[in-house]
Structures are given as structure tokens and as C-alpha cells.
Amino acid sequence: MPRPRKKGLDYFPFDTDIFGDDKLFDLQNEYGPLGEAVYLRLLCLVYKNGYYYRFDSKEKLAAMIVRSIGNRWTKDKKTVIDVIDYLAKINLFSSELMQRNILTSRGIQ
């Protein structure tokens, strides 16, 4: 009997110079380590599911991120939503698809 097909990826390539990217520099300047933590957790959600992640609402997505990071570091879902919106603004995620509750980008695809 064959093994069941696995959905998503167990790992994704992570460039060692990711934090030298101008977009990540802008994210760091705007939101500090919280911005980076949100971005990396969102990437993990996307790649765990394949190459996109469909979410119900930004509020629920932000709540999931707050739980993931730990509410010691951020209790404010609004700030996490602001980070998510900023990630679309700087084209780390597609703003067009985000309006349809899908997280992905050209680079992810």
C-alpha cells in the first residue's frame, strides 16, 4: 500500500542574506523584530500548506499569529494586522490576492 501524499512542505529554502533585502530592511525599520517574526510565521503557514494560504479574516489570522509569537511580545491584533498590510504594501505578499483572503506572492509561487 503506498504512502499517503503529504500536503505542503516540511521545509522551505531560507536565504542566508534575507535580512539584507531592502524590503526586509524597510519592514525592520517600520516594525522591528515583531515585523520579522510576523513575516516568518506567515511564510511558514504558506509553505506548510503548499504555495498559498487561505485565511478567513485578518482578525483571525492576526489572533493566530499573536498566539504563535506569544502574547508576552504582542497582545495587539491591530498591530499584527498593520504588519500584514505593510507586507502587502511592500510587495512581500500580493495585495490583490490578500483582498481575497489569500496569502502568497510571485516569489513564493
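Owing to the predicted nature of the structure, the values given are computational and were not obtained by experimental measurement.
By the 4.5 Å heavy-atom criterion applied to side chains, Met98 and Lys58 are counted as neighbours. Residues Tyr31 and Glu36 are not in side-chain contact: their nearest non-hydrogen atoms beyond the backbone lie 4.5 Å or more apart. Between Leu97 and Arg100, some side-chain heavy-atom pair lies under the 4.5 Å cut-off. At a threshold of 4.5 Å between non-hydrogen side-chain atoms, the residues Leu92 and Tyr39 count as touching. Within the 4.5 Å cutoff, side-chain heavy atoms of Asp26 are placed close to those of Tyr86.
The nearest pair of heavy atoms linking Gln28 to Pro33 is OE1-N, 3.8 Å. Residue Val83 comes nearest to Gly35 through the heavy atom pair CG1-CA, 3.9 Å, listed as atom of the first residue, atom of the second, then distance. Closest of all the heavy-atom pairs between Val66 and Thr74 is CG1-O, 3.2 Å. Ala37 and Ile69 make their closest contact through CB-CD1, 4.1 Å (heavy atoms, listed as atom of the first residue, atom of the second, distance).
Evaluation of the side chain to side chain contact (heavy atoms under 4.5 Å, CB included) rule for Asp21 yields Lys23, Leu24 as partners, not counting sequence neighbours. Residues passing the ring pair (Phe, Tyr, Trp, His ring centres under 6.0 Å) test with Tyr53: none are found, sequence neighbours excluded. With sequence neighbours left out, Phe55 forms a ring pair (Phe, Tyr, Trp, His ring centres under 6.0 Å) with no residue at all.
Not one N or O on the side chain of Asn101 forms a donor-acceptor pair closer than 3.5 Å with the backbone of Arg54. Under a 3.5 Å cut-off, the side chain of Thr104 and the backbone N or O of Tyr51 do form a donor-acceptor pair.
Rounding to the nearest 0.5 angstrom, the gap separating the OG atom in Ser95 from the CD1 atom in Ile90 is 12.0 Å.
Under a 4.0 Å N-O distance rule, the pair Asp82/Lys78 qualifies as a salt bridge.
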